Amino acid sequence: MDHFRNPRNMGEMKDADAIGEVGNPVCGDLMYIYIKVKEEGVTEVIDGISFQTFGCAAAIATSSMITELAKGKTLEEAAKITRDNIADSLDGLPPIKLHCSNLASDALRDAIKKYREKKK
Ligand code: FES
């Protein structure tokens with residue numbers, strides 16, 4: 001509820017290096033994850049991250065949490081964040097809302113994929 005009422009890192013990032021986008025066709029919710037990547041030698045680190053979510057309370061809370069979990073991580077580490085990691089960090093989600101945490105991990109992975117495609 002705290003991450004729903006006081007979401008962290010919410011809002012559009014105008015100078016994002018990549019934008020992940022994912023929607024849930026069942027409920028119609030839509031999520032964008034913006035990332036800014038810093039290159040440290042051969043390592044690519046998430047230096048900035050924000051989100052915009054048009055959806056339910058759980059979708060907003062999981063978006064907020066994934067931005068906190070991914071900040072400062074390498075792209076490899078961030079891509080491994082699972083929906084269970086997000087739910088656990090929120091001290092659990094009601095079973096009916098677990099699917100909402102898929103959106104956050106999928107949107108982040110989509111942003112990382114697009115960043116890598118752009119760099120090629
Ligand atoms: Fe749609 Fe939560 S009900 S993501």
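Just so you know, residue 1 is the first one in the sequence shown, and it goes up from there. Counting starts at 1 for both ligands and their atoms, following the listed order. Note that the structure is a prediction, hence the values are computed from the model and not measured.
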Practice prompt. Please write down residue, atom name and distance for the protein heavy atom closest to atom 4 (S) of ligand 1.
Written response: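 Nearest neighbour among protein heavy atoms for atom 4 (S) of ligand 1, to 0.1 Å: Asp29 OD2, 3.0 Å.
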Item to complete: Could you give me the CA-CA distance, side-chain angles and deciding distance for His99 and Val26, then say whether side-chain contact (heavy atoms from CB on, under 4.5 Å) is met?
Response: CA-CA 11 Å; His99 73 277; Val26 177; over 6 Å; no
Worksheet item: Taking both backbone and side chain into account, is any N, O or S atom of His99 nearer than 2.8 Å to atom 2 (Fe) of ligand 1?
Response: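 Under 2.8 Å: His99 has no N, O or S contact with atom 2 (Fe) of ligand 1.
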Worksheet item: Stepwise, does the salt bridge (charged side-chain N to carboxylate O under 4.0 Å, His left out) test hold for Glu39 with Lys119?
Response: CA-CA 12 Å; Glu39 294 186 11; Lys119 277 206 71 187; 2.8 Å; yes
Worksheet entry | Atom indices of ligand 1, in the order listed, that fall short of 4.0 Å to a heavy atom of Cys100 |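 Ligand 1 atoms under the 4.0 Å threshold to Cys100: 2 (Fe), 3 (S), 4 (S).
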Item to complete: With heavy atoms of Lys97 as the reference, note each atom of ligand 1 found under 4.0 Å away.
Response: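 Counting from 1, the qualifying ligand atoms are 2 (Fe), 3 (S).
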Worksheet item: Just by distance, with hydrogens left out, do Asn102 and Asp106 show a side-chain donor and acceptor under 3.5 Å apart?
Response: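 No, Asp106 and Asn102 have no side-chain donor paired with an acceptor closer than 3.5 Å.
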Worksheet item: Without hydrogens or angle criteria, can the side chains of Gln52 and Tyr34 be said to hold a donor-acceptor pair below 3.5 Å?
Response: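 Yes, a side-chain donor-acceptor pair sits under 3.5 Å.
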Fill in: Heteroatom N/O/S of Cys27 within less than 2.8 Å of atom 1 (Fe) of ligand 1
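Yes - counting backbone and side chain alike, Cys27 has an N, O or S atom under 2.8 Å.
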Worksheet item: Could you go step by step and tell me if Ser101 and Leu93 meet the side-chain contact (heavy atoms from CB on, under 4.5 Å) rule?
Response: CA-CA 9 Å; Ser101 58; Leu93 282 171; 4.0 Å; yes
Discussion item. Any heavy-atom pair between the side chains of His3 and Glu68 that's under 4.5 Å?
Written reply: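 With C-beta onward as the side chain, the pair touches.
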Practice prompt. Between Cys56 and ligand 1, find which residue part has any heavy-atom pair under 4.0 Å and reply side chain, backbone, both or neither.
Written response: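 Under 4.0 Å from ligand 1, Cys56 contributes side-chain atoms alone.
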Fill in: Residue part near ligand 1, for Leu103, under 4.0 Å between non-hydrogen atoms
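Side chain only.
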